[in-house]
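To keep things clear, I will list the structure first and then write my remarks on it.
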Amino acid sequence: MTEKNLAQVIRENMKRDNKRFWAGDNISDYVSEEDKAKLIDEATVAFEGVLDTLLIDRETDPNSHGTARRLAKMYYNEIMAGRYDPAPDATAFPNDSEDRYEGMLVVRSELRSMCSHHHQPVSGVAYIGIIAAEKLIGLSKYTRIAQWCARRGTLQEELANDIAREIEKATGAQNLGVYIQAVHGCCENRGIMAHSSLTQTTVLKGSFKTDPGTKKEFFDNIKLQQEFAPR
Ligand SMILES: [Zn+2]
């Protein structure tokens with residue numbers, strides 16, 4: 001009997017616990033730092049098999065020689081890192097003094113993601129708006145959280161929901177909006193080969209949804225950011 005590989009053991013653990021492990025799910029509770037090196041070894045062997053099946057000579061083609069390992073490392077450490085890494089630490093500071101900030105805060109976050117259907121790159125920007133609640137997090141944390149959600153296999157619609165949920169968790173703000181504008185490799189590089197693959201998704205919660213004034217302020221802020229954002 002062949003010994004089970006680590007990926008198999010982890011999959012069985014997740015199934016036993018009814019833990020969902022879709023491409024967009026974070027499974028950091030099941031994958032330790034030490035596991036990662038072993039999983040990269042296992043994924044390397046699997047990618048070697050894919051390259052062999054694609055009839056690419058990875059022995060004599062110098063450019064394909066280390067490709068299987070490069071792919072394995074890229075998936076674990078980069079393009080899908082948000083599945084295996086725990087949530088970024090976003091220390092919250094109290095926002096409850098007399099002169100607390102009560103206005104709207106809009107942060108523009110660059111995103112790199114990957115569509116879970118075709119594993120093609122998705123790149124774009126998320127605008128995250130909140131009305132500050134009782135606590136605040138550092139400005140860079142909004143982007144860290146958004147990127148952590150994005151570095152998985154995603155659908156843009158899901159990604160907008162995920163970012164909204166995680167920002168809500170980290171800030172306690174119930175009034176918030178997330179607007180994403182992104183181009184999709186799966187539309188540009190294959191299929192319809194369309195250059196106009198710009199896709200926009202919006203998630204609005206609380207007053208962003210119910211109060212037209214707040215909603216307008218959010219989109220006015222986005223427009224200002226789009227006009228003046230350093231390119
Ligand atoms: Zn796709």
Side-chain angles (χ1 to χ4, degrees), residues 5-47 67-93 107-128 130 135-173 176 178 180 182 184-185 201 203:
N5 63 22
L6 180 58
Q8 231 172 317
V9 173
I10 295 175
R11 279 200 308 275
E12 285 173 11
N13 290 344
M14 293 190 288
K15 281 185 188 163
R16 179 201 61 212
D17 298 350
N18 282 322
K19 162 69 186 165
R20 201 178 77 168
F21 52 104
W22 293 5
D25 291 331
N26 181 274
I27 54 168
S28 57
D29 285 345
Y30 290 82
V31 181
S32 72
E33 254 334 287
E34 301 84 73
D35 288 343
K36 254 189 238 172
K38 182 94 204 301
L39 289 165
I40 287 172
D41 287 344
E42 289 179 6
T44 300
V45 175
F47 279 124
T67 296
R69 176 157 289 273
R70 278 191 287 272
L71 283 169
K73 283 168 84 172
M74 177 180 76
Y75 269 84
Y76 270 98
N77 298 335
E78 292 165 325
I79 56 180
M80 279 205 168
R83 302 189 71 232
Y84 312 110
D85 292 343
D89 170 40
T91 313
F93 304 96
V107 177
R108 176 184 191 272
S109 302
E110 304 266 346
L111 290 186
R112 293 289 176 273
S113 190
M114 186 182 80
C115 87
S116 50
H117 292 153
H118 304 94
H119 289 205
Q120 283 286 303
V122 174
S123 61
V125 200
Y127 296 92
I128 302 163
I130 68 163
K135 51 187 183 176
L136 292 173
I137 57 172
L139 289 178
S140 67
K141 303 300 184 201
Y142 292 91
T143 299
R144 281 199 196 288
I145 290 170
Q147 289 177 343
W148 175 67
C149 292
R151 297 184 100 190
R152 306 175 190 184
T154 62
L155 292 187
Q156 191 174 322
E157 299 88 331
E158 276 175 12
L159 180 56
N161 279 331
D162 288 350
I163 294 174
R165 190 189 57 241
E166 294 299 331
I167 295 291
E168 194 177 346
K169 244 193 250 175
T171 61
L176 63 106
V178 175
I180 300 178
H184 291 249
T201 43
V203 173

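The NZ atom of K38 lies 12.5 Å from the CD atom of E34; values are rounded to the nearest 0.5 Å. For the atom pair L159 CG and C115 SG, the distance stands at 12.0 Å (nearest 0.5 Å). To the nearest 0.5 Å, atom CD of residue Q147 and atom CD1 of residue I163 are 9.5 Å apart. If you take NZ on K141 and OG1 on T91, they are separated by 6.0 Å, rounding to the nearest 0.5 Å. With rounding to the nearest 0.5 angstrom, the CG atom of D29 is 12.0 Å from the CG atom of N13.
Applying the salt bridge (Lys or Arg N to Asp or Glu O under 4.0 Å) test to pairs two or more places apart or on separate chains, those with a residue in residues 79-89 are K36-D85. Sorted by first and then second residue, the salt bridge (Lys or Arg N to Asp or Glu O under 4.0 Å) pairs involving residues 144-153 (not counting sequence neighbours) form an empty list. Residue pairs meeting the salt bridge (Lys or Arg N to Asp or Glu O under 4.0 Å) criterion with at least one partner in residues 10-27, sequence neighbours excluded, are K4-E12, R20-D25. Residue pairs that meet the salt bridge (Lys or Arg N to Asp or Glu O under 4.0 Å) test with at least one member in residues 154-167, sequence neighbours left out, are D162-R165, E166-K169.
Of all the heavy atoms in E42 and A7, the pair that sits closest is OE1-N, 3.0 Å. Taking every heavy atom of both residues into account, A92 and A170 meet most closely at CB-O, 4.3 Å. Minimum interatomic distance between A126 and L111 (heavy atoms only, all atoms of both residues): CB-CD1, 3.8 Å. Pairing each heavy atom of V203 with each of A160, the nearest pair is CG2-CB, 3.5 Å. Of all the heavy atoms in I137 and A90, the pair that sits closest is CG2-O, 3.9 Å.
With sequence neighbours excluded, the residues forming a side-chain hydrogen bond (donor to acceptor under 3.5 Å, both in side chains) with E168 are K205, listed by chain and number. Partners of T154 under the side-chain hydrogen bond (donor to acceptor under 3.5 Å, both in side chains) rule, at least two apart in sequence or in another chain, are S113. For the salt bridge (Lys or Arg N to Asp or Glu O under 4.0 Å) test, no residue two or more places apart in sequence or in another chain qualifies with E78. Every residue two or more places apart in sequence or in another chain that forms a ring pair (Phe, Tyr, Trp, His ring centres under 6.0 Å) with Y75 is listed here: F47, H119. Not counting sequence neighbours, the partners of A182 by the side-chain contact (heavy atoms from CB on, under 4.5 Å) test are V122, Q156, I180, H184. Qualifying salt bridge (Lys or Arg N to Asp or Glu O under 4.0 Å) partners for D41, counting only residues two or more places apart in sequence or in other chains: R69. Residues satisfying the side-chain hydrogen bond (donor to acceptor under 3.5 Å, both in side chains) test with H117, not counting sequence neighbours, are none. Evaluation of the side-chain hydrogen bond (donor to acceptor under 3.5 Å, both in side chains) rule for S32 yields D35 as partners, not counting sequence neighbours.
At least one side-chain heavy atom of N77 sits less than 4.5 Å from a side-chain heavy atom of I40. Side-chain contact between I145 and I128 is absent, with no heavy atoms from C-beta onward closer than 4.5 Å. For the pair Y84 and L39, the minimum side-chain heavy-atom distance is 4.5 Å or more.
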* Give the intermediate values and the outcome of side chain to side chain contact (heavy atoms under 4.5 Å, CB included) for residues I10 and F21. => CA-CA 10 Å; I10 295 175; F21 52 104; over 6 Å; no
* When you look at V107 and Y127, which way does the side chain to side chain contact (heavy atoms under 4.5 Å, CB included) test go after all the steps? -> CA-CA 6 Å; V107 177; Y127 296 92; over 6 Å; no
* To do: Determine, step by step, whether N5 and V45 satisfy the side chain to side chain contact (heavy atoms under 4.5 Å, CB included) criterion, reporting the C-alpha distance in whole Å, the side-chain angles of both residues, the deciding distance to 0.1 Å, and the verdict.
  => CA-CA 11 Å; N5 63 22; V45 175; over 6 Å; no
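With hydrogens and angles disregarded, a donor-acceptor distance shorter than 3.5 Å links the side chain of N26 to the backbone of G82.
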